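Worksheet: the structure to be examined is printed underneath.
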Amino acid sequence: MIEAFTWKNDYLELLDQTQLPENVCRLKIETIESVFEAIQVLRVRGAPAIGITAAYGLYLGTRSLQTASREQFFSTLDEKIAFLAAARPTAVNLFWAMEEVKQRLMCSPETDGAALSKQLLVLATELHEDDRRRCIGIAEHGRPLIPQNARILTHCNTGALATGGMGTALGVIIQAHRDGKNVHVYADETRPLLQGARLTMWELASENIPSQLICDGASAALMRQGKVDLVIVGADRIAADGSAANKIGTYHAAIAAKYHAIPFYVAAPLSTFDMSIASGNDIPIEERGADEVRRVFAKTLITLPDADCWNPAFDVTPPELIAGIITECGVLTAPYSENIRNAIR
Ligand code: MRU
């Protein structure tokens, strides 16, 4: 199975996703600064993967505090959390994972830096394992939603590269394929960083799942031709009302799906829900540099060198366009506010 990152005794081994699919290049990550850089430039990406990597990053950033007191350790930990929190703003899993390990660490009775940092590493590996299990749960609950011979459209990348396990939306698809359902996948290329073209197509090929790559703008025409049975995407943050932030272009696919009466599902672990945010309008949306739009994957220039660009990395799909949110605890449907509140409790 593909692994986006692996803890290797005293460093984090990271599959550099900016190089895929051309080069399968594994990086040795030994500092919290390298973790920050890897998240910011998308060497590691996808909401759950970012969160788990950050947890390992906190260990890397505090492991030198061997002789620190408990108080000194937690004060430095807070600084490191603030540092990594600035890497990317939208995926709530980044903040959730770091808060989770901090809260659990605060419950441990250790009094010195050496023991606390050792415990922090244990918690990071547990978080990794926890996400692997959540992915399995999502795949399990998604099973009844995928009919035989389903033609499924997906956007961005939500598989093993984006999580600590088999994936969220892509995990549901992989499960259906393993169940022998003869699925066919349409992958949106996912401009501008091409996660669909580079990463999802690579993952689908590694699972031998029949697939076709389409330009983002082709999805509505494909639906009009009656070639899509359902859409499944992931999420970076889901508000309390069920609004789901995901890769830019997701909203467009959701509107087209609604118009053509095609079910549109979001698959995400409960760690992607942010109950402190009431509605989608309040989800912080990352805006990235103009060169990502001006050039094809940081290489060929496709417009004027100084063309003004707007480059939001995510958009928000409102709950009325979502047929269901597939989680590790079941499929949540409307009324979302009430059903999400009950699931998170
Ligand atoms: O900018 P990215 O590549 O980190 O965006 C990733 C996505 O939008 C995914 O769909 C989302 O994080 C869910 S991953 C299981």
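Values reported hereafter were calculated over all heavy atoms of this structure, with side chains retained and with hydrogens, waters and symmetry mates removed. Model, not experiment: these values are computed from the prediction. Atoms within each ligand, like the ligands themselves, are counted from 1 in listed order.
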Study note, to complete from the structure: If we number the atoms of ligand 1 from 1 as shown, the ones under 4.0 Å from a heavy atom of Gln195 are 1 (O), 2 (P), 3 (O)
Study note, to complete from the structure: Short version for Ala235: what comes under 4.0 Å of ligand 1, heavy atoms counted, is backbone
**Study point:** Proximity to ligand 1 by part of Val233, non-hydrogen separation under 4.0 Å
**Key:** neither
Check your understanding: Does Thr158, backbone or side chain, put an N or O under 3.5 Å from an N or O of ligand 1?
Key -> no
Point to revise | Closest approach of any protein heavy atom to atom 15 (C) of ligand 1, naming residue and atom | key: Thr168 OG1, 3.2 Å
**Study point:** Test side-chain hydrogen bond (donor to acceptor under 3.5 Å, both in side chains) applied to Asn182 and Gln148, step by step
**Key:** CA-CA 6 Å; Asn182 187 34; Gln148 195 73 29; over 6 Å; no
Practice item. Tell me which part of Ala47 gets within contact of ligand 1: side chain, backbone, both or neither, using heavy atoms under 4.0 Å. Key: both
Check your understanding: Does Glu292 come within less than 4.0 Å of Arg295, counting only side-chain N to carboxylate O?
Key -> no
Exercise for review: In plain terms, say whether Arg132 and Glu129 are close enough for a salt bridge, that is, a side-chain N and a carboxylate O under 4.0 Å apart.
Suggested key: yes
Exercise for review: Keeping the roles fixed (side chain from Arg63, backbone from Asp10), state whether a donor-acceptor pair exists under 3.5 Å.
Suggested key: yes
Point to revise | From CA spacing to verdict: ring-ring contact (aromatic ring centres under 6.0 Å, His included), Tyr59, Trp7 | key: CA-CA 11 Å; Tyr59 167 71; Trp7 181 256; 5.5 Å; yes
Review point. Can you tell me the protein heavy atom closest to atom 5 (O) of ligand 1 and the distance?
Key: Lys247 CE, 3.3 Å
Review point. Quick one: does Thr163 get an N or O within less than 3.5 Å of an N or O on ligand 1?
Key: no
Check your understanding: Which residue holds the protein heavy atom closest to atom 14 (S) of ligand 1, what is that atom called, and what is the gap in Å?
Key -> Ala162 CB, 3.6 Å
Review point. Would you call Asp216 and Arg191 a salt bridge, using N to O less than 4.0 angstrom?
Key: no
Practice item. Output yes when Asp78 and Lys102 qualify as a salt bridge under the 4.0 Å nitrogen-oxygen rule, no when they do not. Key: yes
**Study point:** Proximal atoms of ligand 1 relative to Arg88 (non-hydrogen, under 4.0 Å)
**Key:** 1 (O), 2 (P), 4 (O)
Review point. Counting heavy atoms not belonging to Gln103, are there more than 12 under 6.0 Å from its CD?
Key: yes
Study note, to complete from the structure: Closest to atom 10 (O) of ligand 1 among protein heavy atoms sits Asn246 OD1, 2.6 Å
Check your understanding: So which heavy atom in the protein is nearest atom 7 (C) of ligand 1, and how far is it from that ligand atom?
Key -> Asp236 OD1, 3.3 Å
Check your understanding: Is it true that Asn157 lies under 4.0 Å from ligand 1, counting heavy atoms only?
Key -> yes
Review point. Can a donor-acceptor pair be found between the side chains of Ser337 and Asp241 at a distance below 3.5 Å?
Key: no
Check your understanding: Does His155 have a non-hydrogen atom less than 4.0 Å from ligand 1?
Key -> no
Review point. Is the shortest distance from a heavy atom of Ala313 to ligand 1 less than 4.0 Å?
Key: no
Check your understanding: Is it true that the side chains of Glu338 and Asn342 contain a donor and an acceptor less than 3.5 Å apart?
Key -> no
Exercise for review: Report yes if some N/O of Pro48 lies less than 3.5 Å from some N/O of ligand 1; otherwise report no.
Suggested key: no
Check your understanding: Are side-chain N/O atoms of Asn157 and Arg45 paired as donor and acceptor at under 3.5 Å?
Key -> yes
Review point. Among Arg288, Arg45, Gln17, which one has a heavy atom closest to atom 6 (C) of ligand 1?
Key: Arg45
